Amino acid sequence: MMKRLLILLLFITISMGNVFAKNDSIAEPKKHNPKRATLYSAVLPGLGQAYNKKYWKIPIVYAGIGTIYYFADMNGDYYRTFRDAYDYQSGINTDVSDEAIEYAGKYSGNNLITLRDNYRRNMELSWIIMALWYGINIIDATVDAHFFEYDIGDDLTLKVEPTIQTNYAYLGTGFGNESGYGISLKLKF
């Protein structure tokens with residue numbers, strides 16, 4: 001019995017030694033992955049910004065999406081109403097809303113066509129702007145992920161100094177001492 005207890009105690013001690021052993025290798029911190037930020041932002045707008053820890057950008061992304069969707073929906077409703085009003089006035093469709101019947105009595109056929117086409121153009125333009133906003137969201141997440149680990153320290157300086165440079169190739173040729181005047185820019189990283 002004592003022998004089994006001693007073996008069990010020895011086994012536990014050896015196991016615990018492996019658990020508490022120090023790892024001599026240094027673990028590299030995970031790098032910020034721009035591809036992951038791009039994928040996240042493409043799957044769900046704003047998720048790439050969250051991955052980049054730029055949480056303040058998420059409401060801007062969704063405010064843009066909501067605003068553009070509002071205009072697309074509003075223009076789509078007006079487009080359908082004026083389309084139905086024209087169809088009612090021309091006798092193509094008599095099963096339309098009361099609002100469409102009211103517009104059919106108010107406007108001429110040419111005016112209804114103009115209004116219908118105008119609201120259709122605005123609706124389609126809103127959806128194009130929505131696609132551009134979605135693309136800007138993805139581009140923002142990608143660029144921000146590339147600059148995530150970029151260090152902008154205090155030692156980054158730009159020094160502007162006036163300079164006078166002598167061109168030594170002309171010395172001794174009889175052309176005189178050729179000097180150049182200008183500005184020197186020195187960038188320190």
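Computed from a prediction, not measured in an experiment: that's the story for all the values here.
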>> Is there a continuous path of hydrophobic side-chain contacts, each under 4.5 Å between heavy atoms, that joins W127 to L125?
In response: yes
> Can V61 be reached from I129 by stepping across I, L, V, M, F, W or Y side chains whose heavy atoms are under 4.5 Å apart?
Replying inline: yes
> For the hydrophobic clusters of this structure (ILVMFWY residues joined by side-chain heavy atoms under 4.5 Å, transitively), does one cluster hold both I101 and Y79?
Replying inline: no
Side-chain donor-acceptor distances from residues 112-119 under 3.5 Å, at least two apart:
{"from": "T114", "atom 1": "OG1", "to": "N110", "atom 2": "O", "distance (Å)": "2.9"}
{"from": "N118", "atom 1": "OD1", "to": "R121", "atom 2": "NH2", "distance (Å)": "2.9"}

> With sequence neighbours left out, which residue pairs that include part of residues 128-143 fulfil the salt bridge (Lys or Arg N to Asp or Glu O under 4.0 Å) condition?
Replying inline: K57-D140
>> According to salt bridge (charged side-chain N to carboxylate O under 4.0 Å, His left out), who are the partners of R83, at least two apart in sequence or on a separate chain?
In response: none
>> Has E149 got a side-chain atom pairing as donor or acceptor with K31's backbone, closer than 3.5 angstrom?
In response: no
> Which residue pairs pass the salt bridge (Lys or Arg N to Asp or Glu O under 4.0 Å) test when at least one of the two sits in residues 64-77, sequence neighbours left out?
Replying inline: D77-R80
> How far apart are the closest heavy atoms of Y134 and V43, and which atoms are they?
Replying inline: OH-N, 4.3 Å
>> If the condition is salt bridge (charged side-chain N to carboxylate O under 4.0 Å, His left out), which residues does E102 pass it with, not counting sequence neighbours?
In response: K106
>> Holding to side chain to side chain donor-acceptor pair (under 3.5 Å), I want the full list of residues that pass it with H146, two or more places apart in sequence or in another chain.
In response: none
>> For I139, give me all partners under side chain to side chain contact (heavy atoms under 4.5 Å, CB included), at least two apart in sequence or on another chain.
In response: V143
> For Y51, does the OH atom sit with more than 12 other heavy atoms under 6.0 Å from it, leaving out its own atoms?
Replying inline: yes
> With sequence neighbours excluded, what pairs up with K54 under the salt bridge (charged side-chain N to carboxylate O under 4.0 Å, His left out) test?
Replying inline: D144
> Transitively linked via ILVMFWY side-chain contacts under 4.5 Å: W56 with L44?
Replying inline: yes
> Should M74 and M123 be regarded as members of a common hydrophobic cluster, given that ILVMFWY residues are connected when their side-chain heavy atoms come within less than 4.5 Å of each other, either directly or indirectly?
Replying inline: yes
> Can you list every side-chain hydrogen bond (donor to acceptor under 3.5 Å, both in side chains) pair that touches residues 35-46, not counting sequence neighbours?
Replying inline: T38-T142, S41-N137
> How would you list, by chain and number, every residue that makes a side chain to side chain contact (heavy atoms under 4.5 Å, CB included) with K53, sequence neighbours excluded?
Replying inline: Y55, F148
>> Restricting to non-hydrogen atoms, name the atom on P34 and the atom on H32 that form the minimum distance, rounded to 0.1 Å.
In response: CD-O, 3.3 Å
>> If you compare all heavy atoms of N52 against all heavy atoms of A141, which two are closest, and at what distance to 0.1 Å?
In response: ND2-O, 2.9 Å
>> Show me the pairs that pass side-chain hydrogen bond (donor to acceptor under 3.5 Å, both in side chains) and involve residues 84-100, at least two apart or across chains.
In response: none
Could you tabulate the donor-acceptor pairs under 3.5 Å formed by side-chain atoms of residues 63-71, not counting sequence neighbours?
{"from": "T67", "atom 1": "OG1", "to": "A63", "atom 2": "O", "distance (Å)": "2.8"}

